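Take a look at the structure below.
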Amino acid sequence: MPRPIAWTDNRLVLLDQTKLPAEETYLTLDDHHAVARAISVLAVRGAPAIGVAAAYGLALAALNSRADTDTGFLRDMEEAANELGATRPTAVNLFSALDGVMAAVTAAADLEEARHAAVRAAQRLFSETERADQILSRHGSTLIDEGDCILTICNTGALATGAFGTALGVIRSAWDQGKDITVLACETRPLLQGARLTMWELDRYGIPAAQIVDGAAAHFMQHGRIQKVIAGADRIAANGDTANKIGTYGLACLAERHRIPFYIAAPFSTVDMATAGADQIVIEERSQDEVKFCGGDLVSPRDAAARNPAFDVTPASLITAIITDAGILRPPYNDSLADAVEPEEQAG
Ligand code: MRU
């Protein structure tokens with residue numbers, strides 16, 4: 001598996017996900033403007049990967065700042081954090097990553113130390129992301145039974161975290177343990193992360209899988225072909241309401257109708273205790289052209305209107321369990337999320 005995110009010679013190297021699966025090309029980024037662009041166009045995407053890329057973007061801003069006073073340096077850093085933070089509003093990992101780097105920089109004794117601290121903070125976040133993926137994937141694998149067919153949406157694998165993956169990590173972990181499972185991957189219109197990215201990853205791991213159009217999920221559930229649904233998350237509110245790729249809410253409604261367990265898998269860092277519930281989650285609305293064009297071809301009348309919310313919110317009441325690196329959490333989520341011990345606290 002190629003490395004989707006790498007920090008090499010003080011530059012950020014990203015596998016360009018807009019080009020997959022046709023081409024495996026890399027972007028080498030040496031300033032935060034380029035990182036912000038890469039996040040905006042989805043060259044790097046998936047909540048944890050966006051967080052890691054943004055942290056490195058801010059580290060680049062620290063290395064590139066020409067300021068020779070604390071005030072000037074902090075002003076450069078705040079401008080860079082604002083630019084990176086304006087890229088995608090829904091994934092909480094973006095904002096916690098930027099806050100983490102800013103806190104490290106602010107605590108540093110001098111400018112030289114602040115530059116090192118920014119890079120170290122980004123590297124620490126990357127390592128924590130890798131560790132969280134491994135732990136939550138192992139936890140989640142205990143929920144998977146021999147012979148399960150698992151439905152998933154979007155891409156939640158190595159590409160989405162830079163590491164092992166979340167929902168797809170659970171599937172990988174069950175497969176690595178020798179469980180005989182299969183996967184149905186929703187293609188995930190409009191940008192086809194399921195078809196282009198999840199199918200590309202599943203093929204590399206040798207996991208038997210079939211791509212379906214998003215509208216086929218109900219059909220397969222109705223015919224008893226799906227035993228579990230597992231999706232990722234961009235932000236989990238304190239009450240368990242969960243924002244994820246557009247279409248996730250529909251799958252949760254269908255799963256309830258067909259009495260199929262519906263799981264969310266995410267690192268605990270995607271839980272936002274400052275957001276009480278669905279009403280407070282900002283949903284990113286992207287360009288109409290992403291809907292009107294498919295593979296570069298216009299598929300609707302040129303002047304047709306289109307709406308393009310990138311995410312929806314699944315109410316906590318439809319979620320069977322939330323799989324995290326702090327354990328498998330069950331309803332009522334107000335209690336289980338508040339009581340969960342953050343993994344760093346466990347470690348330290
Ligand atoms: O628009 P994207 O591709 O960034 O959306 C990604 C998702 O919705 C993922 O399910 C989520 O970020 C979790 S990734 C581990």
Side-chain angles (χ1 to χ4, degrees), residues 4-5 14-18 20 38-54 87-97 126 128-130 132-137 140 150-173 185-201 214 229-236 242-252 262-272 281-287 290-291 308-314 319 322-325:
I5 302 177
L14 298 175
L15 177 58
D16 184 351
Q17 298 188 33
T18 64
L20 288 173
I39 296 172
S40 296
V41 301
L42 273 59
V44 58
R45 29 81 31 219
I50 290 170
V52 170
T87 51
R88 301 198 70 193
T90 306
V92 71
N93 304 61
L94 169 62
F95 304 97
S96 51
F126 199 4
E128 284 164 8
T129 303
E130 286 170 342
D133 277 12
Q134 291 290 342
I135 297 172
L136 78 88
S137 297
I150 301 158
L151 180 76
T152 192
I153 181 169
C154 197
N155 172 267
T156 57
L159 293 169
T161 70
F164 193 74
T166 59
L168 201 52
V170 170
I171 292 167
R172 284 179 75 179
S173 179
C186 289
E187 62 179 2
T188 318
R189 275 279 289 152
L191 295 181
L192 300 172
Q193 289 93 330
R196 294 188 303 107
L197 309 178
T198 297
M199 290 304 289
W200 182 79
E201 284 199 44
D214 300 322
V229 181
I230 313 182
D234 281 78
R235 188 183 297 244
I236 301 173
T242 295
N244 191 52
K245 180 51 57 193
I246 190 75
T248 306
Y249 172 41
L251 295 180
F262 177 91
Y263 298 115
I264 290 292
F268 202 78
S269 56
T270 301
V271 177
D272 176 14
I281 300 179
V282 178
I283 299 293
E284 176 184 7
E285 177 111 16
R286 294 182 60 85
S287 160
E290 291 182 352
V291 174
N308 188 13
F311 301 98
D312 58 24
V313 179
T314 300
I319 301 171
I322 301 178
I323 303 161
T324 75
D325 43 328

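Since the model is a prediction, treat every value here as computed from it, not as a measurement. In listed order, ligands and their atoms are each counted from 1.
In this structure, D272 pairs ionically with R235, as a charged nitrogen and a carboxylate oxygen lie closer than 4.0 Å.
Without hydrogens or angle criteria, T156 side chain to L168 main chain gives a donor-acceptor distance under 3.5 Å. Distance alone, capped at 3.5 Å, places no donor-acceptor pair between the R45 side chain and the S40 backbone. Not one N or O on the side chain of T270 forms a donor-acceptor pair closer than 3.5 Å with the backbone of A266. Looking at T188, its side chain does come within 3.5 Å of a backbone N or O of C186 through a donor-acceptor pair.
Side-chain atoms of R286 and L42, non-hydrogen and from C-beta on, do get closer than 4.5 Å to each other.
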Less than 3.5 Å apart, N/O on ligand 1 and N/O on the protein: could you list those pairs with the distances?
| from | atom 1 | to | atom 2 | distance (Å) |
| --- | --- | --- | --- | --- |
| ligand 1 | 1 (O) | R88 | NH1 | 3.4 |
| ligand 1 | 1 (O) | R88 | NH2 | 2.8 |
| ligand 1 | 1 (O) | K245 | NZ | 2.7 |
| ligand 1 | 3 (O) | R45 | NE | 2.8 |
| ligand 1 | 3 (O) | R45 | NH2 | 3.3 |
| ligand 1 | 3 (O) | Q193 | NE2 | 2.9 |
| ligand 1 | 4 (O) | G46 | N | 3.0 |
| ligand 1 | 4 (O) | R88 | NH1 | 2.8 |
| ligand 1 | 8 (O) | D234 | OD1 | 3.0 |
| ligand 1 | 8 (O) | N244 | OD1 | 3.1 |
| ligand 1 | 8 (O) | K245 | N | 3.2 |
| ligand 1 | 10 (O) | N244 | OD1 | 2.6 |
| ligand 1 | 12 (O) | A47 | N | 2.9 |
| ligand 1 | 12 (O) | D234 | OD1 | 2.9 |
| ligand 1 | 12 (O) | D234 | OD2 | 3.2 |

